[in-house]
Number of protein chains: 2
Amino acid sequence: MALQLAVSSVILALRPSPDDDGDDGGGVLGLWIPLVRRIREPYEGRWALPGGPLGEGCGLEQAARNALTTSTGLDPAYLEQLYAFGGLDRSRDRENEGPDPDRVVSIVYWALVRAEEDQAAVRAHNVEWFPVDALPDLAFDHIQVIDYALARLRAKILYSPIAHAFLPTEFTLAELRAVHEAVLGRELDPANFRRQTLASGGVEPTGRRLEGTNHRPPSLYRYRAESVATSPTPPPRSAS
Amino acid sequence: MALQLAVSSVILALRPSPDDDGDDGGGVLGLWIPLVRRIREPYEGRWALPGGPLGEGCGLEQAARNALTTSTGLDPAYLEQLYAFGGLDRSRDRENEGPDPDRVVSIVYWALVRAEEDQAAVRAHNVEWFPVDALPDLAFDHIQVIDYALARLRAKILYSPIAHAFLPTEFTLAELRAVHEAVLGRELDPANFRRQTLASGGVEPTGRRLEGTNHRPPSLYRYRAESVATSPTPPPRSAS
DNA sequence: CGGGCTTATGGTCGAGGCAACCTGAAGGGG
DNA sequence: CCCCTTCAGGTTGCCTCGACCATAAGCCCG
């Protein structure tokens with residue numbers, strides 16, 4: 001049988017990055033991706049997106065979640081289908097290295113994991129985290145897949161409340177704004193961000209205040225996301 | 001081998017519909033979909049989306065185009081991947097009819113065909129056109145797939161110049177506006193539509209005028225779409 | 001304990017997009 | 001020849017968004 005179907009995931013987490021742009025040098029947030037080292041022949045030894053074959057008796061999304069958890073130990077807070085690659089599409093920019101990657105169809109998901117959980121993957125074998133602006137050489141066309149996932153994230157964070165998937169269930173508006181700034185790569189006005197975030201309805205105030213903040217100053221309220229839809233794209237639901 | 005991979009398409013065309021809403025009764029444009037009658041056991045005799053198994057030696061998009069042309073005889077002006085369904089996802093709302101549709105993964109594309117071409121499919125066997133608001137009972141969960149494709153079309157026509165995929169290479173602004181009105185289901189202001197269409201840059205005036213119009217009146221310019229990207233979603237291109 | 005610093009919070013203002021509406025012009029049909 | 005339909009362009013008002021400013025509320029440090 002010449003047809004293989006794999007399910008892989010672009011997993012995105014937000015952690016303080018040591019990338020010294022020369023700005024302030026403080027703990028600037030950046031996007032990180034866990035990759036696994038291939039142990040089989042096509043591109044053996046290269047880094048690749050975590051994934052696995054389509055499991056038995058479960059749907060595509062569950063298969064993606066299983067493969068993701070098995071290979072990295074993570075439990076994503078958000079998971080959505082990205083694109084289905086396959087056939088000879090991926091051989092566009094390959095010359096003739098490796099045997100025959102034809103007849104390999106891979107359905108790729110993209111996932112967001114919370115900050116406190118992104119350390120769980122350290123335990124897994126052959127898994128290493130890389131910042132998205134300093135990726136190693138990747139197997140297949142995975143670099144393009146990652147670029148596409150990043151474009152999707154940057155586009156979707158503008159109109160959909162998915163930023164809190166990077167954060168715990170309760171967070172301050174400053175933390176949420178830091179997520180947006182890290183993803184979009186530019187600073188946002190605190191006042192405007194507060195207004196449009198509260199007006200969008202994706203977030204609600206808990207009423208509780210945050211007192212023990214490390215060195216930050218004034219009236220910090222805490223906000224909580226109301227409903228985190230894990231997979232808003234599939235057909236059962238029509239886009240608003 | 002328990003894994004089957006199929007490629008099917010939601011094909012959309014615009015043709016005058018005989019649906020008498022009681023408005024003006026004239027040739028109102030409506031969306032139509034070609035369906036094929038199943039001749040094999042799961043849901044035999046029911047109408048289903050045209051498709052076929054993943055062919056040899058070609059990519060997913062080319063496979064979708066081949067299956068589409070083979071079963072309906074159409075050549076779509078626009079083709080884009082919609083979603084990958086499979087595993088047990090589709091058994092959510094099935095009780096226990098049919099044998100075992102598990103392990104069937106189908107990658108669904110959506111396509112737009114031009115008005116002058118949508119008659120070509122009449123020749124094909126077992127193919128019939130249905131208006132989207134009067135669909136018969138469909139096999140599998142294809143009704144949800146169609147709903148999802150319609151939602152994508154209505155959402156994407158608002159920000160992307162894909163409406164001219166329903167029209168010949170040159171068309172009047174009135175024709176383009178009629179397409180938008182038919183897809184969105186509401187009337188649009190001619191002046192505002194003209195302004196934002198010309199400002200969007202997706203269309204350019206040819207300078208030629210249309211004289212022999214049937215009964216319509218005055219200065220009709222013709223416009224031509226500049227570049228029709230068939231598949232704007234895949235990773236090589238990042239969303240603007 | 002108090003000054004200075006950082007940051008949230010609310011307000012204002014101007015630019016731009018958009019929907020609705022109006023007026024004039026160009027043809028074609030009765 | 002008059003009327004009717006439709007395009008073409010203009011105007012107005014509303015809403016949104018980004019930029020900017022002022023104030024207040026803590027925290028840090030002297």
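Because the structure is a prediction, the values reported are computed rather than measured. For the numbers below, each heavy atom of this structure counts, side chains included, while hydrogens, waters and symmetry mates do not.
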For [X], side chain to side chain donor-acceptor pair (under 3.5 Å) partners two or more places apart:
X	value
Gln196(A)	none
Asn192(B)	Asp189(B), Arg195(B)
Arg154(A)	none

Which whole-number value in Å describes the distance from [X] [atom1] to [N] [atom2]?
X	N	atom1	atom2	answer
Arg177(A)	dG18(D)	CZ	C1'	15 Å
Leu173(B)	dA8(D)	CG	P	7 Å
Phe171(A)	dA8(C)	CZ	P	15 Å
Leu188(A)	dC17(D)	CG	P	13 Å
Leu158(A)	dC17(D)	CG	C1'	13 Å

Applying side chain to side chain contact (heavy atoms under 4.5 Å, CB included), can you list everything that pairs with [X], at least two apart in sequence or on another chain?
X	result
Pro136(A)	Leu35(A), Trp47(A), Phe130(A), Leu138(A)
Ser200(B)	none
Ala134(A)	Pro131(A)

Donor-acceptor list for residues 179-187 of chain B side chains, cut-off 3.5 Å, not counting sequence neighbours:
{"from": "Glu181(B)", "atom 1": "OE2", "to": "Arg177(B)", "atom 2": "NH1", "distance (Å)": "3.4"}
{"from": "Glu181(B)", "atom 1": "OE2", "to": "Leu188(B)", "atom 2": "N", "distance (Å)": "3.0"}

- For the residue pair Tyr148(A) and Tyr83(A), categorise the inter-ring angle as parallel (less than 30°), tilted (30 to 60°) or perpendicular (more than 60°). perpendicular
- Query: To the nearest 10 degrees, what angle separates the axes at the start and end of the helix from dC1(C)-dG30(D) to dG30(C)-dC1(D), five pairs each?
  - Reply: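 Inter-axis angle at the termini of the helix from dC1(C)-dG30(D) to dG30(C)-dC1(D): 10°.
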- Query: Which letter, B, S or -, goes with each nucleotide of nucleotides 10-21 of chain C from 5' to 3', with contact meaning a protein heavy atom under 4.0 Å?
  - Reply: BBB------BBB
